[in-house]
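Here is the structure we will look at, set down as structure tokens.
For clarity, every value in this text was computed on a predicted model and none was experimentally measured. Counting starts at 1 for both ligands and their atoms, in listed order.
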Amino acid sequence: MFDAVIVGAGFAGLYMLHRLRGLGLTARVYEAGKGVGGTWYWNRYPGARCDVESMDYSYSFSDELQQEWRWSERYSAQPEILRYANHVADRFDLRKDIHFETRVTSAVFEEATARWAVETDQGDRATARFCIMATGCLSDAQIPDLKGLDSFAGKWYHTGKWPHEGVDFTGRRVGVIGTGSSAIQSIPLIAKQASHLYVFQRTPNFSMPAQNAPLDPEYERRVKESYADFRRQARESRVGFVTERSGDSALAVPAEEREREYEKRWRRGGLGFSAAYTDLLISKEANDTAARFFREKIRAIVRDSAVADLLCPQSYPLGTKRLCVDTGYYDTFNRDNVTLVDVRKTAIEAITSKGVRVDGVEYAVDDLVFATGFDAMTGALLNIDIRGRGSRKLSAEWAGGPRTYLGLTVEGFPNLFMITGPGSPSVLSNMIVSIEQHVDWIADCVSHLRERGLGTIEATAAAQEAWVQHVNEVGHMTLYPLAPSWYMGANIPGKPRVFMPYIGGVGVYRQKCDEVAAKGYEGFALGR
Ligand code: N01
């Protein structure tokens, strides 16, 4: 029997364990991987790198940690982030409470005892007062249901489950299916090794140059000198890191000034581009000005105009599918050994023993890379048989899309918490900032209950309903619902189309969560 079971040992699970330990509580973490790190444990594909800057994408909870750790680049690569996760696990002695290579299969709330009974694929059975899902938003890798994959004679991989020993593509013919962030990072590196690379693209993406570089020691020094203030600003910001944010409408400034602003941001690189004007994600007309700028950039880089046309996104507003950040992506299509295959007009017909068949043409490949994404935000949760009061199944409650209070809890599921769940800023933000906020909120909540001798906390139906409505309302004030994105569940056949994250902003959302707590956990029923 534990005070808490935590599912997952990524950045969320590690910090949750640390906080609960600090409160003197017992916790058991179950982790499917052989090691810590979550996303950074699994996504080892070539070029995997964070698109949030290193000084921002790191824990703030320990000043010693943030002072002593040194990042080597502006944007950290996966191996460095994984080393960091391992360092944190060792520094805070977290491993002894983590069971690796153990996948949680069910979590059932037992009403008589008000405890969660958790079972795993290794036959463990643990009970706990609290069950905390630190399962990640992008952890349930998806392979599309393509005819003939069984017959493929070569090797195939998913970017989100990359072999630990790496893959050498030297001299091989490779096919990459998908052109999202994972593909966009890996394609330039795979192209350098492969004898030929075929990229199967259904929807082109908007991608910003990272302008990655070794971390400037002077910048590092300045940030470290005032890290507390730097972190405070990030917590109060819209997206969990500070970026230059204009107060103007894109339509209110002269065209030349707008171009200069876009050019400045392009040269600076990274995700800050969408903050150039206040209405880029609200007004289609404003958004078009930025999308046009991007398309011109693509056409200026890619020499073959037919290829450039195919690479230009046209069917959704910029930023409404996650903006990508790349190093040399568009330029890769100038290489003689790279072919872009359009699978939008005609979908992939089949995987054959030798390769990929599209529109009657067989593209022969030795290796296939699925960069086809994840069942985002809800996939990993719903893979677990989660049952609340009266054996209510979470999968049934969410049949029409996820319904939560604050993205942290679900009505009918007492003492169950989700870290960065649907209905919270999560994937629209710097994940570590959102993770720390949720973990701190949950830890404070657990303390609150303990101090008052309370046993359970559960969202009320009314509070949940109001939150779901609010999340929908603000989502629909933006252009996001116009894109068939994974934010909308559109990449998974049959998944309800609901804009899942909360777009009100990290700072505003934090305030809301703090207010709820300050008012004695408003919107929750507390029980003995
Ligand atoms: O996955 P995706 P991802 N036939 O879902 C295509 C984060 N991340 O792993 O758009 C052909 O974005 C699909 O096509 P379409 C980041 O938040 C961060 O790349 O559905 N194509 C799409 O092109 C990111 O957004 C970092 O038409 C098929 C691709 O596969 C999220 O993870 C790095 C297909 C999937 O793209 C997910 O990114 C990497 C089919 N049947 C990831 N099925 C950084 O920090 C799917 N596709 C930088």
Side-chain angles (χ1 to χ4, degrees), residues 11 38-40 42-54 56-57 74-78 81 136-149 157-162 175-187 198-210 212 239 241 269-271 311 313-316 319-327 329 340-351 356-358 368-377 379 420 426-432 483-493 495 500-501:
F11 281 100
T39 266
W40 304 104
W42 297 103
N43 288 266
R44 298 170 188 242
Y45 58 83
R49 186 179 289 287
C50 191
D51 56 9
V52 173
E53 295 192 31
S54 309
D56 295 276
Y57 192 85
R74 178 179 176 196
Y75 294 97
S76 300
Q78 173 271 334
I81 305 176
C137 296
L138 294 156
S139 49
D140 183 20
Q142 292 295 304
I143 304 280
D145 189 13
L146 294 170
K147 203 168 72 186
L149 182 57
Y157 311 92
H158 188 286
T159 47
K161 283 189 175 165
W162 203 255
V176 173
I177 299 179
T179 48
S181 300
S182 304
I184 280 177
Q185 290 188 325
S186 56
I187 281 168
Y198 295 97
V199 176
F200 298 92
Q201 173 189 272
R202 189 164 66 186
T203 314
N205 261 293
F206 292 97
S207 188
M208 279 290 287
N212 189 31
V239 289
F241 57 85
L271 290 174
L311 287 168
Q314 305 278 2
S315 59
Y316 59 94
T320 55
K321 272 173 170 254
R322 165 78 175 217
L323 197 61
C324 302
V325 175
D326 72 276
T327 299
Y329 176 65
L340 183 64
V341 182
D342 179 19
V343 294
R344 186 175 195 76
K345 269 199 224 111
T346 321
I348 294 172
E349 238 168 81
I351 307 294
V356 181
R357 197 168 63 226
V358 183
L368 254 184
V369 174
F370 288 93
T372 44
F374 304 86
D375 184 351
M377 305 201 74
T420 65
S426 73
V427 290
L428 296 174
S429 71
N430 175 356
M431 286 303 288
I432 299 208
S485 65
W486 57 256
Y487 296 130
M488 294 290 296
N491 64 328
I492 303 296
K495 190 167 172 172
M500 294 183 284

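- The shortest contact between atom 48 (C) of ligand 1 and any protein heavy atom is with Gln185 NE2, 2.9 Å.
- Atom 41 (N) of ligand 1 has its closest protein heavy atom at Pro144 CB, 3.4 Å.
- Ligand 1 is never approached by Val427 to a heavy-atom distance shorter than 4.0 Å.
- At the top of the distance list for atom 38 (O) of ligand 1, counting protein heavy atoms only, stands Ser182 OG, 3.9 Å.
- Using modelled atom types, one side-chain atom of Thr372 and one backbone atom of Gln142 make a donor-acceptor pair closer than 3.5 Å.
- For the atom pair CZ of Arg344 and OG1 of Thr203, the computed distance is 4.0 Å after rounding to the nearest 0.5 Å.
- Looking at ligand 1, you'll find an N or O of Asp51 within less than 3.5 Å of one of its N or O atoms.
- The shortest contact between atom 23 (O) of ligand 1 and any protein heavy atom is with Thr179 N, 2.9 Å.
- For the pair Asp140 (side chain) and Asp375 (backbone), a donor-acceptor distance under 3.5 Å is absent.
- In this structure, the protein non-hydrogen atom closest to atom 24 (C) of ligand 1 is Ser181 OG, 3.5 Å.
- At least one N or O atom of Thr203 sits closer than 3.5 Å to an N or O atom of ligand 1.
- Residue-ligand proximity, Leu138 to ligand 1, at heavy-atom distances under 4.0 Å covers atoms 7 (C), 17 (O), 31 (C), 32 (O).
- A donor-acceptor pair under 3.5 Å links the side-chain atoms of Gln185 to the main chain of Arg49, judged by distance alone.
- By the 4.0 Å heavy-atom criterion, Phe374 is counted among the residues contacting ligand 1.
- Regarding atom 13 (C) of ligand 1, its nearest protein heavy-atom neighbour is Arg202 NH2, 4.3 Å.
- The backbone N or O of Val343 lies less than 3.5 Å from no partner atom in the side chain of Thr346, so there is not a single donor-acceptor pair.
- The shell of residues lying under 4.0 angstrom from ligand 1, judged by heavy atoms, includes Tyr45.
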Trace of the ring-ring contact (aromatic ring centres under 6.0 Å, His included) decision for Tyr316 with Phe206 | CA-CA 10 Å; Tyr316 59 94; Phe206 292 97; 5.7 Å; yes
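- Here CE of Met377 is found 8.0 Å from CG of Leu138. Values are rounded to the nearest 0.5 Å.
- Every atom of ligand 1 is numbered from 1 in the order shown, and the set under 4.0 Å from a heavy atom of Cys50 is 45 (O).
- For ligand 1, the atoms lying closer than 4.0 Å to a non-hydrogen atom of Gly178 are 6 (C), 23 (O), 29 (C), 30 (O).
- Under the 30°/60° scheme for interplanar angles, the aromatic rings of Trp162 and Tyr45 are found to stand perpendicular.
- Of all the listed residues (Gly373, Ala371, Gly160), Ala371 holds the heavy atom that lies closest to atom 29 (C) of ligand 1.
- Given atom 37 (C) of ligand 1, the protein heavy atom at minimum distance is Trp486 NE1, 3.8 Å.
- Among protein heavy atoms, atom 36 (O) of ligand 1 sits closest to Gly180 CA, 3.6 Å.
- In terms of modelled atom types and a separation under 3.5 Å, the side chain of Lys495 and the main chain of Ala376 share a donor-acceptor contact.
- At least one heavy atom of Lys321 lies less than 4.0 angstrom from ligand 1.
- Considering all non-hydrogen atoms of both residues, Gly178 and Ile187 come closest at O-CD1, 4.4 Å.
- Judged by distance alone, with hydrogens and angles left aside, the side-chain atoms of Asn205 form no donor-acceptor pair with the main-chain N or O of Ser207 at under 3.5 Å.
- For ligand 1, the atoms lying closer than 4.0 Å to a non-hydrogen atom of Arg49 are 44 (C), 45 (O), 48 (C).
- Expressed to the nearest 0.5 Å, how far SG of Cys50 lies from CG of Asn430 amounts to 7.0 Å.
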